[in-house]
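Here is the structure we will look at.
Since we're looking at a predicted model, the values are computed, not measured.
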Amino acid sequence: MQTNTLNSTPSAPKNHRHVGRISFWRTAWRSTVRKPGRLIGLLIIIVFVLMAILGPVLYPKNLPINPNAIYATPSWTHPLGTDFEGTDNLALVVQGARYVLLAAAFGALFTVVFGTVLGLVSGYFLGKTDAVIMRITDLFLTVPTFPLLVVLATVWNFGSPLAMGFVLGITGWGGLARAVRSQTLSLRERGFIESARSLGLSPWHILFREILPNVGSYIAMNLLLGITGSIYAEVGLFFLGVLPFHVNNWGVMLNLAVFSGGAMQSAQALPYLLSPLIALLLLTLGIVLFLDAVDEMFNPRLKEV
């Protein structure tokens, strides 16, 4: 009897965590399929993620050029038409998805990590810690992102999605840090936080195990919104020609279609301009539709409705 008790005791927390994970994913799935729009949004996101993963497998790095099919109209052979070299627009969109999505994911991740950690620490410890972090936050909020990126483009190689994501994240976390600090200030005086302090739990345990789950919904939504914001920022910078064209992506396609192909003056290059725009529109639509499900996953009050 004693042996059975000793063997079963250590496994209990693991089983509890395992059941908790299964329960979360089950709740997440139910929240997603509850409304058709949420499911459609998830499917759109999955399609674009598959494009980013399988793009280099489906198409070679140097896409074929066909001088006989320059600015071809959409057809079964070229569903989205061709560009000024006769290269298939669909292949360009698929190949460019990896850079766009990776840079946006890194940008949103850096934004959420910096903003969440600094906001939690600032709102919980207050005093000098709060003052220092908030002054740094104010500094980053006042730094104009666009001129900074123009300067960085002269010394930084933005051919890597990680580099692009880091720059977008390091310049975009200020607003989230202030919002998380406000949430933390509200939560730190609640009864369950006072109970945690009276039990002698460490401040880091209280921050990341007690307060963080209560702002999870807000952070998760900011993560998805950060992805759309990063996509617009990077595509816009490439479209304006601020960053060098080290890689193919949707912003480069827009730039070449407008400034080299004359898509604004001639309908011939219009499919080349519309192809990345349709991809941007669909991806943004998918993220917006899926946001509703994310809000319900992390917000207990919505689960009861």
May I ask you to decide if S182's main-chain N or O and S186's side chain share a donor-acceptor pair within less than 3.5 Å? no

Assess whether side chain to side chain contact (heavy atoms under 4.5 Å, CB included) is satisfied between T184 and V215, documenting all intermediate values. CA-CA 8 Å; T184 307; V215 294; 5.5 Å; no

Drop me the distance from Q95's CD to L90's CG, to the nearest 0.5 angstrom. 11.0 Å

Mark yes or no for whether T87, through its side chain, and L63, through its backbone, hold a donor-acceptor pair below 3.5 Å. no

Taking the side chain as every heavy atom from C-beta outward, state whether N214 and I211 have any pair of such atoms under 4.5 Å apart. no

Same cluster for L102 and F48 if Ile/Leu/Val/Met/Phe/Trp/Tyr side chains link at under 4.5 Å? yes

Indicate yes or no for a side-chain donor-acceptor contact from T82 to the backbone of A69 under 3.5 Å, with no hydrogens or angles considered. yes

Is the F208 to Y124 ring centre distance short of 6.0 Å? no

Please lay out, stage by stage, how R188 and I206 fare under the test side chain to side chain contact (heavy atoms under 4.5 Å, CB included). CA-CA 9 Å; R188 73 188 301 277; I206 295 173; over 6 Å; no

If you define the side chain from C-beta out and look only at heavy atoms, does anything of V33 sit under 4.5 Å from R38? no

Membership question, hydrophobic clusters at under 4.5 Å side-chain separation (ILVMFWY): are L50 and L282 in the same one? yes

What distance separates L240 CG from L254 CG, expressed to the nearest 0.5 Å? 10.0 Å

Would one find more than 12 heavy atoms of other residues, nucleotides or ligands at under 6.0 Å from atom CZ of R209? no

The single option from D88, N66, T73 passing side chain to side chain donor-acceptor pair (under 3.5 Å) against H78: D88

Do the side chains of V94 and I53 join up, straight or via other hydrophobic residues, at under 4.5 Å, putting them in one cluster? yes

Within the distance-only criterion (no hydrogens, no angle test), does the side chain of D292 pair as donor or acceptor with the backbone N or O of V288 below 3.5 angstrom? no

Between T137 and G174, the two heavy atoms sitting closest are CG2-O, 3.4 Å

Please answer whether the main-chain N or O of V100 pairs with a side-chain N or O of W250 as donor and acceptor at a distance below 3.5 Å. no

Shortest non-hydrogen contact between L185 and G123, atoms and distance: CD2-O, 3.4 Å

Hey, mind stepping through I70 and E85 against side chain to side chain contact (heavy atoms under 4.5 Å, CB included) and telling me if it holds? CA-CA 5 Å; I70 293 175; E85 291 181 321; 5.9 Å; no

Find the distance between CG (L277) and CG (L281) and round it off to the nearest 0.5 Å. 8.5 Å

Tell me whether I46 is reachable from L280 by hopping between hydrophobic residues (I, L, V, M, F, W, Y) whose side-chain heavy atoms are closer than 4.5 Å. yes

Check the pair Q268 / F84 against side chain to side chain contact (heavy atoms under 4.5 Å, CB included), numbers first and verdict last. CA-CA 10 Å; Q268 196 179 24; F84 58 93; over 6 Å; no

Does some side-chain heavy atom of P79 sit less than 4.5 Å from a side-chain heavy atom of P74? no

Return a table of donor-acceptor pairs under 3.5 angstrom between the side chains of residues 223-231 and protein atoms on other chains or two or more places apart.
residue: T228; atom: OG1; partner: L225; partner atom: O; Å: 2.6
residue: S230; atom: OG; partner: G226; partner atom: O; Å: 2.9

Atom CD of Q183 and atom CG of L212: how far apart are they, to the nearest 0.5 Å? 11.5 Å

Do you know the tightest heavy-atom contact between P64 and P60? CD-CG, 4.5 Å

Can you find a pair of side-chain heavy atoms, one from V93 and one from M253, that are under 4.5 Å apart? yes

Would you please classify the geometry between the W204 ring and the F125 ring as parallel, tilted or perpendicular, with 30° and 60° separating the classes? tilted

Backbone of G119 reached by a side-chain donor or acceptor of R181 within 3.5 Å: no

Side-chain donor-acceptor pairs of residues 107-118 under 3.5 Å, sequence neighbours excluded:
residue: T111; atom: OG1; partner: G107; partner atom: O; Å: 2.8
residue: T116; atom: OG1; partner: V112; partner atom: O; Å: 2.6

Does some side-chain heavy atom of T32 sit less than 4.5 Å from a side-chain heavy atom of F290? yes

For a quick test of reading the model, state the closest non-hydrogen atom pair linking A220 to V294 and the distance between them. CB-CG1, 3.6 Å

F239 with Y232, same ILVMFWY side-chain cluster at under 4.5 Å: no

Return the CG to CG distance between L42 and L289, rounded to the nearest 0.5 Å. 10.5 Å

Heavy-atom donor-acceptor pair, N255 side chain to G251 backbone, under 3.5 Å: no

Inter-residue atom distance L126.CG - M134.CE, 0.5 Å rounding: 10.5 Å

Testing the basics here: between R98 and A52, what is the closest heavy-atom pair and its distance to 0.1 Å? NE-O, 2.8 Å

For L139, is there any backbone N or O sitting under 3.5 Å from a side-chain donor or acceptor partner on T142? yes

Does some side-chain heavy atom of Y272 sit less than 4.5 Å from a side-chain heavy atom of L92? yes

Would you say M164 and F106 make side-chain contact, with heavy atoms under 4.5 Å? no

Side-chain donor or acceptor of S260 paired with backbone N/O of A257 under 3.5 Å: no

